[in-house]
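Structure record follows, encoded as structure tokens.
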Amino acid sequence: MAQISRKIRTERLLLRPATLADVDAMMEYATDPAWARYQAVPQPYLRRHAEEFIGHYLESEWSIDPFWSIEFQGRSVGAFSMHVFANDRTASVGFDLAPFLWGRGLTTEAAMAVVKAAFDELELRKVCATTDAPNAASIRVLEKLGMRREGLQREHHWRRDKPVDIALYGVLREDWTRPRDR
């Protein structure tokens with residue numbers, strides 16, 4: 001099976017394989033309550049959690065679980081993950097970005113580049129994602145990718161003593177390649 005690029009450059013970003021050297025940068029934003037609001041992460045978020053999280057991907061096969069650090073102005077400020085289901089020619093994606101950079105279009109820029117690479121390099125037929133149903137910012141990113149809401153899993157997770165609804169989104173290859181304003 002083909003592998004997606006290890007390094008992806010955009011106008012403002014470099015997506016490159018994450019390393020344990022990214023733990024300090026991750027700790028800077030992962031301890032921010034605004035960042036943690038929609039994340040299924042332990043609270044408080046400790047250094048060992050970041051080490052375990054990145055370590056999991058370092059031990060994973062790149063062709064199945066690529067995991068990029070998002071660099072902006074030479075600094076790691078977020079992460080982008082993908083899980084490839086080769087037999088189905090689909091993948092699911094996930095992303096996060098340091099809160100001090102929210103609202104600048106950086107997540108959308110990274111997501112566009114990764115989804116484009118997924119369709120072009122892996123020849124996938126679909127890319128999907130999930131997000132907490134009330135996470136309007138992530139939903140906007142997914143919709144900018146051309147993803148459509150495909151469902152809602154009611155009370156699918158239990159997080160911080162309350163049930164969480166999860167929204168399901170996806171974009172098919174033919175919808176991605178159809179001309180539209182990106």
Side-chain angles (χ1 to χ4, degrees), residues 2-32 34-39 50 53-54 57-58 60 62-84 89-132 135-149 167 169-182:
Q3 289 190 23
I4 196 164
S5 297
R6 291 181 179 266
K7 290 186 178 180
I8 301 173
R9 292 188 185 279
T10 71
E11 184 179 330
R12 299 178 290 173
L13 305 171
L14 170 64
L15 283 80
R16 50 124 180 112
T19 70
L20 286 177
D22 295 318
V23 167
D24 289 335
M26 181 176 277
M27 288 302 298
E28 286 182 34
Y29 64 82
T31 55
D32 185 321
W35 177 87
R37 180 176 179 195
Y38 296 118
Q39 300 288 341
F53 183 73
I54 291 175
Y57 285 101
L58 293 177
S60 297
W62 185 267
S63 64
I64 298 169
D65 284 314
F67 182 70
W68 298 268
S69 175
I70 300 171
E71 279 191 16
F72 176 66
Q73 299 177 342
R75 178 179 175 192
S76 177
V77 296
F80 207 102
S81 65
M82 177 183 289
H83 183 81
V84 179
R89 293 184 36 227
T90 64
S92 62
V93 296
F95 45 81
D96 61 59
L97 188 72
F100 74 91
L101 291 170
W102 289 354
R104 297 186 187 189
L106 296 174
T107 303
T108 301
E109 186 174 324
M112 287 282 189
V114 171
V115 171
K116 181 181 185 322
F119 282 127
D120 292 351
E121 297 174 21
L122 301 179
E123 298 180 1
L124 299 180
R125 57 181 191 77
K126 181 178 183 178
V127 176
C128 59
T130 62
T131 188
D132 285 18
N135 188 342
S138 285
I139 289 170
R140 276 193 304 279
V141 170
L142 300 176
E143 289 174 346
K144 287 178 185 178
L145 295 173
M147 290 193 180
R148 297 181 189 172
R149 188 172 178 151
Y169 280 80
V171 60
L172 300 173
R173 170 187 282 284
E174 59 263 23
D175 294 335
W176 175 262
T177 58
R178 195 174 292 141
R180 61 186 178 91
D181 183 28
R182 279 196 220 279

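Residue indices begin at 1 and follow the sequence shown.
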*Is Arg125 reaching over with its side chain to a backbone N or O of Thr90, donor-acceptor style, under 3.5 angstrom?*
no
*Got more than 12 heavy atoms from elsewhere within 6.0 Å of CZ, Arg149?*
yes
*Going through the checks in order, is the ring-ring contact (aromatic ring centres under 6.0 Å, His included) test met by Trp35 and Trp102?*
CA-CA 10 Å; Trp35 177 87; Trp102 289 354; 8.9 Å; no
*May I ask you to decide if Leu124's main-chain N or O and Arg173's side chain share a donor-acceptor pair within less than 3.5 Å?*
yes
_Which heavy atom of Thr131 sits nearest to which heavy atom of Ser138, and what is that distance?_
OG1-CB, 3.4 Å
*asked:* Are Val93 and Tyr169 packed together at the side-chain level, in the sense that at least one heavy-atom pair is separated by less than 4.5 angstrom?
replied: no
*Check: Leu15 main-chain N/O paired with Glu71 side-chain donor or acceptor under 3.5 Å*: no
*Shortest non-hydrogen contact between Ile70 and Ala110, atoms and distance*: CD1-CB, 4.2 Å
_Non-hydrogen atoms of Arg6 and Pro17 that approach each other most closely_ = O-CD, 3.0 Å
_For a quick test of reading the model, state the closest non-hydrogen atom pair linking Pro99 to Tyr29 and the distance between them._
CD-CB, 3.8 Å
*Ignoring hydrogens and geometry, is there a side-chain-to-backbone donor-acceptor pair from Thr10 to Leu13 under 3.5 Å?*
yes
_Heavy-atom neighbours of Arg9 CZ exceed 12 at 6.0 Å_ = no
_Between Arg37 and Asp132, does any NZ, NE, NH1 or NH2 come within less than 4.0 Å of an OD or OE carboxylate oxygen?_
no
*Within 45° of the six-membered ring axis of Trp68 and under 6.0 Å from that ring's centre, is NZ or CZ of Arg16 located there?*
no
_Side chains of Gln3 and Ser63 only: does a donor on one sit below 3.5 Å from an acceptor on the other?_
no
_Met27 side, atom CE; Asp32 side, atom CG - distance, nearest 0.5 Å_ = 12.0 Å
_Note, Glu121 side chain near Ser5 side chain (heavy atom, < 4.5 Å)_ = yes
_Minimum heavy-atom distance between Ala18 and Leu58, given as atom pair plus value_ = O-CD2, 3.2 Å
*Gap between atom NZ of Lys144 and atom OG1 of Thr107 - 0.5 Å precision*: 9.5 Å
*Can you tell if the side chain of Ile54 reaches within under 4.5 Å of the side chain of Thr19, non-hydrogen atoms only?*
no
*If you measure from CZ on Phe119 to OG1 on Thr177, what distance do you get to the nearest 0.5 Å?*
8.0 Å
*Pairwise distance CE(Met82) to OG(Ser92) - rounded to 0.5 angstrom*: 8.5 Å
*Mind checking the CD-CG spacing from Glu28 to Asp22? Nearest 0.5 Å is all I need.*
11.0 Å
_Inter-residue atom distance Phe72.CZ - Leu14.CG, 0.5 Å rounding_ = 13.0 Å
*asked:* Would you call the rings of Phe67 and Tyr57 parallel, tilted or perpendicular, taking 30° and 60° as the class edges?
replied: parallel
*Mind listing the closest non-hydrogen atom pair of Ser76 and Ala25 along with its distance?*
O-CB, 3.3 Å
*Side chain to side chain, Val114 and Phe95, heavy atoms closer than 4.5 Å*: no
*Heavy-atom check, side chain of Arg12 versus side chain of Glu109, under 4.5 Å*: yes
_Heavy-atom check, side chain of Ile8 versus side chain of Lys116, under 4.5 Å_ = no
*When you measure from the side chain of Asn135 to the backbone N and O of Tyr38, does any donor-acceptor pair fall under 3.5 Å?*
no
*Does any non-hydrogen side-chain atom of Val171 lie less than 4.5 Å from one of Arg148?*
no
*How far apart are the C-alpha atoms of Val77 and Leu97, what are their side-chain angles, what is the distance that settles it, and do they pass the side chain to side chain contact (heavy atoms under 4.5 Å, CB included) test?*
CA-CA 6 Å; Val77 296; Leu97 188 72; 3.8 Å; yes
